[in-house]
Structures are given as structure tokens and as C-alpha cells.
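Below: one structure, written as C-alpha cells.
What you see below is based on every heavy atom in this structure, not just the backbone, and it leaves out hydrogens, waters and symmetry mates. Residue numbering restarts at 1 for every chain, and letters A, B, ... go by the order of the sequence lines.
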2 protein chains.
Amino acid sequence: MIRRPSQPRERGIPEATVARLPLYLRALNGMAERGLATVSSEDLAAAAGVNSAKLRKDLSHLGSYGTRGVGYDVEYLIYQISRELGLTQDWAVAIVGVGNLGRALANYGGFVSRGFRVAALLDADPEVVGDHIAGLNVEHIDELETVIRLRGVSIVVLATPAAAAQQVADRVVAAGVTSILNFAPVVLSVPEGVDIRKVDLSIELQILAFHEQRKMDRMTGGPAMADEWPEAVDL
Amino acid sequence: MIRRPSQPRERGIPEATVARLPLYLRALNGMAERGLATVSSEDLAAAAGVNSAKLRKDLSHLGSYGTRGVGYDVEYLIYQISRELGLTQDWAVAIVGVGNLGRALANYGGFVSRGFRVAALLDADPEVVGDHIAGLNVEHIDELETVIRLRGVSIVVLATPAAAAQQVADRVVAAGVTSILNFAPVVLSVPEGVDIRKVDLSIELQILAFHEQRKMDRMTGGPAMADEWPEAVDL
DNA sequence: GTCCCTTTGTGAACCGATGCACAAAGTGAG
DNA sequence: CTCACTTTGTGCATCGGTTCACAAAGGGAC
Ligand SMILES: NC(=O)c1ccc[n+]([C@@H]2O[C@H](COP(=O)([O-])OP(=O)(O)OC[C@H]3O[C@@H](n4cnc5c(N)ncnc54)[C@H](O)[C@@H]3O)[C@@H](O)[C@H]2O)c1
Ligand SMILES: NC(=O)c1ccc[n+]([C@@H]2O[C@H](COP(=O)([O-])OP(=O)(O)OC[C@H]3O[C@@H](n4cnc5c(N)ncnc54)[C@H](O)[C@@H]3O)[C@@H](O)[C@H]2O)c1
């Protein structure tokens, strides 16, 4: 039961740290490919685009895996982060909604590589059901519960239209899935204990537009004085 | 110069607030469609999935646009938020990299609706150049600078492979664009003043996997004791 | 062994964001 | 006009996260 370098910390890694670990992992994989054996917090932080103190504090939550005066062993750190993130096992992912976006995701090789495996494609449209995409057969949404159970799906990617998303999410949760990645522009309501992450293109664009507008205002000296409600309205 | 309800605040809206405004806007649009005239912070907060105190504080950064005892006028608030986000003007967007993802984005109607207009599709592959997608002609990446200038592109969506992303970003920035939405899994380095937002599917999945693993550990009582480095290694 | 150099791991100050709780403001009934 | 009720806007305590800065740890030279 003796552990060589040092124990990993008591459970409880800050959420902000968890969100950065994949970034470190990606940078480390690049370094491993280029044959680097060790890396300093300074260099790794630069590659990941973060402050080096932050990087060290993040890693310290996993355990004391560095060597003072030297840095971190690249392969060892890759292993530790992978283990912490749960990438040493394979996760079966189902994609629900095989339209424009669902197809792009299914064809995307990038996430199959690391720990994730697309185990099913599901759609409600009879036109789409039966299509072959990226070596998979698109199945009917009626099969949802069966597929989840039999193939051990633990993560569902939602790429249906917004109107169908909540309804599909309810079924998915009822079938026992507790992790959902949602691309539909709706606020899903799910029970306690179910993790939802959302990717929302239009929100990202709106945030960019906000800053873009600020930059333009700064150029022209203040907003173009359009503060009034355009039509005369009585509140 | 007199403003009726009250002045908007001195510049400087917290970043966290900016990120939620699009959420409120979406909820408000839904309410406007259903014919609601006013809404309380409680109801709007519920629709957007946030705490009502947070909502009120967020809105207070734009100005005092509510009426005590009544709530907020839906249409008026839509206008104020739209204006703050810069959605009262149109933004020309160029999509660079018209592969699986780029095509899905180009075909996506959802963000054309509100303030954004896809003004160009650009790709390096001669096979792809000339294709017609969603009513647009795919143009060669050599045209990048010309297209940006002539069509007033202010936001670029990057959907090229990771290897090309930095290089394209450099050109885009050199052409004067200061807002980039990046889908490629790389940390882009850009000069001060350029805003980058990234959407990274694989990071989202890894975060979900982390929590999923935690949930499984909790079931089975602690991690399955795989703390050691698999092979014997000397650090 | 000693000394010097590098780099980690972390205490502590700081900063922004969150959420409670309530005074102030407004509505509507009588 | 007064009173009861609703709902906003915000002061304040709190929290999580970031950053600085440095003591302690380890490596290598000699
Ligand atoms: N395409 C994009 O670039 C993009 C970008 C951001 C967000 N989105 C969002 O992603 C989602 C999908 O976008 P899209 O462009 O692929 O739409 P799409 O219409 O091309 O595809 C949706 C698919 O979902 C299927 N579907 C509908 N109801 C279903 C149900 N109940 N169960 C299973 N499948 C069902 C449809 O048959 C269709 O194949 C939408 O919510 C959209 O707002 C898309
Ligand atoms: N497809 C997905 O679901 C998905 C999901 C997450 C992230 N991504 C990322 O998005 C990016 C695009 O993914 P994809 O699946 O569409 O890849 P893809 O290979 O299908 O498309 C990439 C396109 O970019 C073009 N391109 C290459 N170099 C270029 C250059 N220098 N200038 C202009 N165009 C160039 C290619 O010709 C190709 O058409 C990748 O970085 C990928 O990692 C994709």
C-alpha cells in the first residue's frame, strides 16, 4: 500500500482546475510526440496558455508529481492526468440527432482517439434512420433505451433541434445516463446529479459581438448615441 | 439629452454578466413570442436557469429598466440587451475551413437570424473551392484579405484542422479582424486586443468523463485502487 | 560532503462573482 | 389618501479562483 512519489490529494478538485486538465493533457501529448522527457511548469504553462503558478497549483491538486529543480516527467504526468480525468477507461458515447451537426460530430475523428467511442447514432426521421455514417448505422430513436443499456452508453451528445431536446433529455436521464453534452440552444432541466455541459455557438458569437462593439465605440469615441427606445412607447 | 427611465451605467459590465445576457435574451424572445408583456426577475431567472438575485444584478449593470412591483417590460428589455450586445447592427462573419464542421455551421440557420450574417466561406482545398453551400460559393483562402476588407468581415469562425489554425489566425489578425471563434483544438496566440473564444468538444467530453468517473467511484466505494504507475519506472 | 542553481509546492493577499436579505419604490384596492 | 402587497435594486458577507512571492527540495559540480 505504499505509494512512491506521494499520495493524490483527498477528493475535491476545483472545477476550474478540472476544466484545464484536458488543456494540459493536450500540450503534454504534443511534447511527448516531440520526444521531450521532462517539462518545467513554466514551459507547460506557456504551451497551455496559462500562468505557471496556476498550473502548479492545478497539478498540486492531483498529487506531488514534480521534481524540484527538474520539472515534471512528461509520460508520467500524462498518465496521472488521464487517470484523474477517467481516460484510462473507454466511454461509450451516443449521438442523438443526426442532422448537419450530428453528422459532423460522427465523422470527427478527434475525440474517438482519446477514451471516447461513438457507440450509437440515433434519429427520429425515417429518412435518416438506416444511413451509414462513419461506419455506423443510424438507428431509430425508439431504440434509445435498449441501445443505452446494451452498449453501456454513459455519455449522450444531444444534437436535435431545440424543440426536441428536453424531451430526449428526459428519456436519456430516465434510462440512467447522467452525463449530457447539449448542442441545442435550450436550458435543459434535469434532476440533481445529472451533469450537463452545453456548447452554444450563438452565445459565443454574441459575446464576441459585444466586445467588438466596445472596440468600435472606443475608436469613434463613445456609443453612437442611440440610447432611446426607437418608437415612442409608454411603459 | 434627457433619458426617461434612467441612464445606463458607466462602461464596464462584468464578463460573467456579458456571458449570461444572450441567455436572458433567448428566454425573453421565447416570452415575447408567447405574447407576454412583462416578466418578473423570478420568472425570467427560472427560464434562463439562474438565481433571480443574479439576474437582477446583471440587468442593473445595463440600467434601471424594471418597475418595482411589476417586473420588466419584455420588448423593452429585449431591445436594451440587444443594443448592449451589439445585435442592433449586423455582423459579417466568415467561416474558414469548409469541412465537416464548417459545412454544418454554414447550413445552420440559427445564428443568421440574430444579427449575424455569413458573408464568406473560405477553404484551401481546390476540391472544395467552388462548392455551393447554403447559397454561398466557397472561395479560395487566397482571397481571405480581399474578402475581409470588401465585405466588412469583423468576426471569423475558424474550422480548419488544428495544424492550419495558427497560420490562418495570423493572416486574419493581420487583415484587421479582432474577433475569432476557434473550433480547432489548439491554443492560438494572438496580439493584445484580439478576442478569441474557443469551442472544444473534446475538452467538454473530458470534463464530463471526470464527473462520470467520480459518480462511479462513489457507487463502488472509492477508486478501484489503480494508483500506481503501471510499469515499473524510475523517475 | 558543501555550495549553487533551478524549480516546485503553497501561504497569503487579492479580486471578481455569488447570493442573501432588506429598504425603497411602485401598484392597486378601498 | 392610506394601506397592503409585490418586486426591484443593492449593500454586504462569503466564496472560489488567481497571482505573487518565497521557503524548501532536489540536482549537479566539485
Ligand atoms: N449546425 C450547426 O452548426 C449548429 C450550431 C450550433 C447549434 N446547433 C444546434 O444543434 C442542433 C442540431 O442542429 P442541426 O443543424 O444538425 O439540425 P438538423 O435539423 O440538421 O438536425 C437535427 C436532427 O435531429 C433529428 N431529430 C429531430 N427530433 C428528434 C428526436 N425527437 N429524437 C431524435 N432525433 C430527432 C432530426 O431528424 C434531424 O436529423 C440544433 O438544436 C441546433 O440549434 C447547430
Ligand atoms: N467535426 C467535428 O465535429 C469537430 C468537432 C470538434 C472540433 N473540430 C475541429 O474543427 C476543425 C475542423 O474539423 P472538420 O471535421 O470539419 O475537419 P475537416 O478536415 O473535415 O475540414 C477541414 C477543412 O479545412 C480546410 N483547410 C485546411 N487547411 C486550410 C487552410 N490553411 N486554410 C483554409 N482551409 C483549410 C480543409 O480543406 C478542409 O476542408 C478541426 O480542427 C477539428 O479538430 C471538429
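Between the CG atom of A/L55 and the P atom of D/dT19 there is a distance of 12 Å, given to the nearest Å. Rounded to whole angstrom, the span from the CG atom of B/L62 across to the P atom of D/dT10 amounts to 12 Å. As a whole-Å value, the separation of A/E42 CD from C/dT7 C1' is 10 Å. For the pair B/D73 CG and D/dT8 P, the interatomic distance rounds to 13 Å; values are reported in whole Å. With rounding to whole Å, B/D58 atom CG is found 13 Å from D/dG9 atom C1'. Regarding A/D43, its CG atom lies at a distance of 12 Å from the C1' atom of C/dT6, rounded to whole Å. Between B/K54 atom NZ and D/dT8 atom C1' there is a gap of 18 Å when expressed in whole angstrom units. B/Y65 places its OH atom 14 Å from the C1' atom of D/dG9, with the value rounded to the nearest Å.
Remark: A/R56 is not in phosphate contact with D/dC22, judged by side-chain N or O atoms under 4.0 Å from OP1 or OP2. Contact check, A/S40 against C/dT7: no side-chain N or O comes under 4.0 Å of OP1 or OP2. Between B/Y72 and D/dG9, a side-chain N or O to OP1/OP2 separation shorter than 4.0 Å is present.
Between the base of C/dT18 and the side chain of B/K57 there is no donor-acceptor pair shorter than 3.5 Å.
Across all strands, A/A16 comes closer than 4.0 Å only to sugar-phosphate atoms, never to a base (heavy-atom distances).
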For B/T88 and B/R83: C-alpha separation, side-chain torsions, deciding distance, then whether side chain to side chain donor-acceptor pair (under 3.5 Å) applies. CA-CA 5 Å; B/T88 45; B/R83 188 170 56 79; over 6 Å; no
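B/E212 and A/S179 form a side-chain donor-acceptor contact under 3.5 Å, judged by distance and modelled atom types alone.
Checking C/dT8, C/dA17, D/dT10 against every side-chain atom of B/S60, the shortest atom distance belongs to D/dT10. The B/E15 side chain lies nearest to C/dA17 when the options are C/dA17, D/dT8, C/dA21. With distances taken from any side-chain atom of A/N51 to the nucleotides C/dT18, D/dT19, C/dG9, the minimum falls on D/dT19.
The six-membered or imidazole ring of A/Y72 lies away from that of A/Y65, with a centre-to-centre distance of 6.0 Å or more.
The salt bridge (Lys or Arg N to Asp or Glu O under 4.0 Å) check on A/K198 picks up nothing, with sequence neighbours excluded. B/D43 pairs by the salt bridge (Lys or Arg N to Asp or Glu O under 4.0 Å) definition with nothing, not counting sequence neighbours.
Between B/R214 and A/E84, at least one side-chain nitrogen of the basic residue sits less than 4.0 Å from a carboxylate oxygen of the acidic one, meeting the salt-bridge criterion.
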Base, backbone or nothing for each nucleotide of nucleotides 24-30 of chain D, written B, S, -, heavy atoms under 4.0 angstrom, 5' to 3'? BBSS---
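Taking CZ of B/F183 as the reference point, atom CZ of B/R197 lies at 11.5 Å (rounded to 0.5 Å).
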